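Keep in mind it's a predicted model, so treat the numbers as computed, not measured. A note on names: the letters A, B, ... follow the listed sequences, proteins ahead of strands, and every chain is numbered from 1.
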Protein chains: 2
Amino acid sequence: MTPESNFAKNSAFTFSIVFSCVLAYWFGSKRPDKVSLLSTTPLSSVDTKGPKHNTSPTNLEACWTDMVSIVDKEHVSTEEGDLQSHSGSDWSSYTTKDSERPFMIVSPSTTEEVSEIMKVCHTRKIPVTGYSGGTSLEGHFSATRGGICVDFSRMDKILKLHKEDLDVIVQPALGWELLNEELGKEGLFFPPDPGPGAMIGGMVGTGCSGTNAYRYGTMRDWVLSLTVVLADGTVIKTRQRPRKSSAGYDLTRMFIGSEGTLGLVTEATLKITVKPKHESVAVTSFGTIREAAECVSRVVGEGVPIAAVEILDDVQMRCINESGSTSRTWKEVPTLFFKFSGTQSAVKESIGLVQKLAKSKGSKSFDFAKDADEAAELWSARKEALWSVMAKRRDESDHVWTTDVAVPISRLPDIIEETKEDMASSGLLAAMVGHVGDGNFHAILLFNDKERETAEAVVHRMVKRAVEMEGTVTGEHGVGLIKRDYLAHEMGETTVDAMRKLKQAFDPLCLLNCDKIVRVQKAKAGEVQPW
Amino acid sequence: MTPESNFAKNSAFTFSIVFSCVLAYWFGSKRPDKVSLLSTTPLSSVDTKGPKHNTSPTNLEACWTDMVSIVDKEHVSTEEGDLQSHSGSDWSSYTTKDSERPFMIVSPSTTEEVSEIMKVCHTRKIPVTGYSGGTSLEGHFSATRGGICVDFSRMDKILKLHKEDLDVIVQPALGWELLNEELGKEGLFFPPDPGPGAMIGGMVGTGCSGTNAYRYGTMRDWVLSLTVVLADGTVIKTRQRPRKSSAGYDLTRMFIGSEGTLGLVTEATLKITVKPKHESVAVTSFGTIREAAECVSRVVGEGVPIAAVEILDDVQMRCINESGSTSRTWKEVPTLFFKFSGTQSAVKESIGLVQKLAKSKGSKSFDFAKDADEAAELWSARKEALWSVMAKRRDESDHVWTTDVAVPISRLPDIIEETKEDMASSGLLAAMVGHVGDGNFHAILLFNDKERETAEAVVHRMVKRAVEMEGTVTGEHGVGLIKRDYLAHEMGETTVDAMRKLKQAFDPLCLLNCDKIVRVQKAKAGEVQPW
C-alpha cells in the first residue's frame, strides 16, 4: 500500500466520520431543535414508539426497595386485590385491562415523601398514577403503562382552618363530605359537591362540580393554592392565601382539571363560604322533557337567583319510585328540582318568579317546601338518582355507564330532546339527570356485554350532538381515556397540540398518568371511533 | 514519512474528530437533554446571553416590507410619537427607556393577519409586544428588546351577542365601558370594571378586576374561551361556548393573566350576566383606618351579601374635596363605600346588617342612598379617587405611582394601618384606596424625580409586608417589570422556575412580551433591590 492510498483510505474514513457526525448532529439535535421552537406539539412530531419507560422486573424490584426505604414496608403493597381496586372500578365507563394494573401501591404521608418517590421514578423512568377517592368515571386511574400507584389515603387531614379568612388547608385524601361536616360546625361550607366518596385530590384533578355549580361555580373557583410535586420531584406551591392575585401565570388553575398528568397534589388551600341563612326546594313537573328544558332556559336567561336546578326524566323518576328509597311516590314525568338560598324574603321572591315561569312553559304541578324537613324530603329524590338506576341491574354482568356533556343553555332543549329520543329507541334502560342550569346533563345507561356496542353508540352520538351545538364533550367528569379522542373535534387539532405541549413541558418523560387527556403516541388502526 | 506515521497521524486526526463529535454531541445535545427532562426551568439553566433575537436594521427593514404586504402601508407606523405612546405612559410606575421602544407599530384587522405577522416574526426572530388600551401600570408594554408592536385598535368589535346564553364574542380592542353600554340596552352587563380605558385584550392579559370583584369575581371568572395566536403563528381556540367544561387543560385560564407573554388574544367569548334589579350604596366613616378595615373583615367574615366595599383614607377624601369633582363635601376621615345589589328587600336587609356591624366597630356616620340618584352621587366619590390625586400634581415633573397588593382578609387591618403610618412618615402625598372586600388595596403616591427613591422604598416595604402576611405582591395590576423580582419571595423559587418552564414551552424564542412576569436572563448586579 502506498502512503497516498493509505492517506486516501484514511481520508475517506475521516470524511465518513465527519459526515456521520454532521448527520448525527443534524438529526440528533437540529431537527428536534426545529420542533422545539414550535409553540405546539403535534402528535406527528412525537416518537412513534411512545414514552421510553423502564418497567423491567429488575427495575421495578429495585424501585420496590427504594419505596420501602421512603415509606416503610407496611405502606407498600403488591397484593392483587389492591392493584385491581387501584386501577379501575365498577362504576367507571372504562374497563381496565389486566395489563393496565400498577406493579405496586405506595402510600406516602408527607409532601417530602411524595417528592422522594417522584425523584426515584424520574431517575428510574417508572410511570406513576395518583389515587385518592377512586370515584372518577372515564378511566382516569387505569395504569395504562404499569408502574406504581401513589395512594394518598394517609394524607387525609384538615391541616388548618382560617375561619376569618374563609379558607381551609387540607390534604388530598380528605373527602368533601367529611370536610363539610367539620365546616358545618362553624356555620361554613365548601360548595363543590361531586359524587359521594370523591376526595379533594381527585376533585382538583377532574375540575369537578355538582349541583351547587350553578350558584357557586366549580372546583376551579374554589381553590386558592396547591402544593404540587412535579414529575422530577420538584415541589412547588402555586400561591399564598389571599382571595385574589394577579401575580404571574395561573398555575393553580393549570393543575385543576389536569387529571394528575402534570403533578401530584399534596396540599390544597380551599376557599370556603358562609352557609346561607335559609334554603328551600321546589319541584315542578312537565308533560315533555322539552318543556322542562325550556323552563330552565327561561329561568337562567332571566337571571332569577336560584341555587341549583336539576332535571330528572320520566325513566329516572320511575327508577326512584321503584327503588322505594324516598318517602313519597313521584309522578313519572320529566321533573325539575330547584334549590334556593339566601335570606327568607329573597328565597320567597325567587320561588314566586320560578313558579310563574314554570307555568308559562306548561308545568303540570309545582310543590315547594314549607320548611327544612320538607326541603330535605323533596331534594332526597335528586340524591337517589344514580343509585336508583344502579339498583336496576339485572345481574352481575350488567354495567352502568354514566357520561356527561354540556351545551350553551339555549341549545339545552334541543340536545335533551334528541338524546332522550335516541336513548328511548336504543332499547336500553337509560335515564337522564343533570345540572341543567349550566347546560350540563348526564346519561345513565344500563347495559351488559352484548349491549355494549349499543351503549357506546348512544354515548358517541350524544357527544357528537354536544360538539355540534357548540358544547363540550364533558361538563364535569373529565377526559380520562374515554373522551380523549373527542377533544380535537370539540376544540380543534391545534388546541390539542397546545395541550400536548403543556404536558410535554412539565412531564417530558410522560411519567404522570401517561395517556390521559392527550395521546402521546399515535392510535392503532381501529382504536378511534370514526366521527 | 512512513506509511505507519501517516496512519498514526491520520488516526490521531480521526480520533480528534471523533472526540470532538462526541464532545459536541455531549454538550450540544445530551446536556440540554438532561435539562429538558426537568419539570422546571431554573434561571441558572438558561443561556446567559439571553434570547437570540435578530433586531438588526436589515432584518427589521425586511420585516417592514413583510408587514406592509400583510396589513397595507397605512397600518404600519414608524412615527416617533406612535412608538413612544405604544411603549409607556404617564400613569405607569415604570419609566420606559429610549432603548425600549418598538421599531414599528403594526395594526392587523383579523386573526389570520395576526397569525401571518407572528409567522414572519418567528422566522425572523423579532420580538413582539401586544397593545390594546395601554392602561396597565407596571411596565407591561415596554418593548424591552425592541422589535414590533401589534396594535389591536382595528379589532374593536362586538362580533356576536348570545342573549339567551348570556355570552358575547368580542375583539381585543373593545373597551369594557363601551361593551357595558351596549349590553345595558338589553338589561345585561359584564362585571369586571378595571380603570377607565382598559380593553378586553389587556384585561385578559392582566387578569384584571375592580370594584365588582368581591361579588362577581375577576376576569378569570368571566372568560369562556379565547382565540389566541401563539408565538409561531399557530391559531388556537381554547374552548367552545358552554358555561362549564372539564375537557382537558384549562388553556383559557392559562392565558388570563399571562400579560401577552404566551400568545396574542384575537377574540374572546365572555360570560355576561343579568343586571341586578336593584342597587344601592351606603357610606360610613370611622375615626381610624384600623376601625374601618376591621369593619370590612367582620362584614366579609359574616357573609353579609354585599356587591362591593371600597376603602378611602383621609388623604384620599381630602383630595376628592379639593378637586371639587363631587357635589357634596365629605368628612376627611377613613371612609367605607358599600354597594348592594339584588331584590329591593334583600338590599334593604343587607344595608341593615352592615349598619349594625359598622356601629359595633365605632362608625361615626352612616348614610345610605334613598334612590338611584343618591346612590350615583355617593358612589361618584369612589370613582374620582385616582383622578383627584393626579390633579394634585404640582408640575410636569410630578409622577403618580399606583401600586397594589392583597392579603388574607384577617390581616387587612394590620397591613392597612402599618402602610398608612409608613406613607404618612414618608413625607409624600400618599393616598390609600382599595377593593378591601378581597383584601386588596392600592397606594397612590405623588413624587418627583428627587423623591423617587422615597416612593420606591414605600412601595417596596408595602410589598414585603404583604408577602410576610401571606399575601400577594399584586392583587389585580399584574407583574410586568416592576413586580417581577418579588415573585420568588411570594411563592418560592421553584414556582417561578415552573412559570419559566411554561413560558419557555409556548414561546421558546421569547418573542412575546419578553422579560415580563419572569426573567429569562440573569439580573445585572444592583438591578434587584435587596429583600
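- Looking at B:I517, only its side chain comes within 4.5 Å of chain A, counting heavy atoms on both sides.
- The minimum heavy-atom distance linking A:S36 with B:P508 is given by the pair O-CG, 3.1 Å.
- Using a 4.5 Å cut-off between heavy atoms, A:D438 touches chain B through backbone and side chain atoms alike.
- Only the backbone of A:H477 has a heavy atom closer than 4.5 Å to any heavy atom of chain B.
- Contact annotation: the side chain of B:S245 approaches that of A:E490 to within less than 4.5 Å [non-hydrogen atoms, C-beta and beyond].
- Top candidate by heavy-atom pairs under 4.5 Å with chain B, chosen from A:T218, A:D221, A:L188, is A:D221.
- Chosen from B:G248, B:G492, B:A406, the residue pairing most often with chain A at heavy-atom distances under 4.5 Å is B:G248.
- Of the two parts of B:L166, only the side chain, counted from C-beta on, holds a non-hydrogen atom closer than 4.5 Å to a non-hydrogen atom of chain A.
- In this structure, chain B has no heavy atom under 4.5 Å from any part of A:V496.
- Your options are B:S297, B:G471, B:G342, and the one with the most heavy-atom pairs under 4.5 Å with chain A is B:G471.
- Proximity to chain A is limited to the side chain of B:S209, based on heavy atoms less than 4.5 angstrom apart.
- The residue among B:G233, B:G207, B:A247 with the most heavy atom pairs within less than 4.5 Å of chain A is B:A247.
- Taken from CG in B:L230 to CG in A:L38, the straight-line distance is 10.5 Å, to the nearest 0.5 Å.
- Side chains of B:S345 and A:E349: a donor on one and an acceptor on the other come within 3.5 Å.
- Both the backbone and the side chain of A:K244 come within contact range of chain B, judged by heavy atoms closer than 4.5 Å.
- With a 4.5 Å cut-off on side-chain heavy atoms, A:R220 and B:S246 count as touching.
- For B:E302, the part lying near chain A is the backbone, with the side chain staying farther off; criterion is any non-hydrogen pair under 4.5 Å.
- Both the backbone and the side chain of A:L502 have a heavy atom closer than 4.5 Å to some heavy atom of chain B.
- No option in A:R241, A:R239, A:R243 other than A:R241 meets the salt bridge (Lys or Arg N to Asp or Glu O under 4.0 Å) test with B:E470.
- Per-residue counts of heavy-atom pairs under 4.5 Å with chain B were compared for A:I236, A:T234, A:D497; the largest is that of A:I236.
- Side-chain contact of B:T495 with A:K237: a donor-acceptor pair under 3.5 Å is absent, judged by distance alone.
- Between the CG atom of B:L37 and the OG1 atom of A:T123 there is a distance of 10.5 Å, given to the nearest 0.5 Å.
- Taking A:G303, A:S410, A:G301 one by one and counting their heavy-atom pairs under 4.5 Å with chain B, the maximum is reached by A:S410.
- Considering only residues two or more places apart in sequence or on other chains, B:H489 meets the ring-ring contact (aromatic ring centres under 6.0 Å, His included) condition with B:W531.
- A donor-acceptor pair under 3.5 Å is absent between the side-chain atoms of A:Q240 and the main chain of B:T472, judged by distance alone.
- The candidate from B:E164, B:E476, B:Q344 with the greatest count of non-hydrogen atom pairs under 4.5 Å with chain A is B:E476.
- Contact of B:V479 with chain A is made through backbone and side chain together, with heavy-atom distances under 4.5 Å.
- When all heavy atoms of A:T238 and B:M491 are compared, the closest pair comes out as O-SD, 3.9 Å.
- Atom NZ of B:K271 sits in a crowded spot, with more than 12 heavy atoms from other residues, nucleotides or ligands closer than 6.0 Å.
- Here the options are A:R253, A:K503, A:M254, the test is side-chain contact (heavy atoms from CB on, under 4.5 Å), and the partner is B:Y249; only A:K503 passes.
- Each of A:A213, A:G478, A:G257 has some count of heavy-atom pairs under 4.5 Å with chain B, and the biggest count is that of A:G478.
- Using a 4.5 Å cut-off between heavy atoms, A:L412 makes no contact with chain B at all.
- Top candidate by heavy-atom pairs under 4.5 Å with chain B, chosen from A:K163, A:M219, A:K501, is A:K501.
- Comparing A:T273, A:V518, A:L262 by how many heavy-atom pairs each has under 4.5 Å with chain B, the most go to A:L262.
- If you measure heavy-atom distances from A:K277 to chain B, the contacts under 4.5 Å come from the side chain alone.
- At a threshold of 4.5 Å between non-hydrogen side-chain atoms, the residues B:S39 and A:D232 count as touching.
- Interface remark: A:L487 contributes side-chain atoms only to the contact with chain B (heavy atom separation under 4.5 Å).
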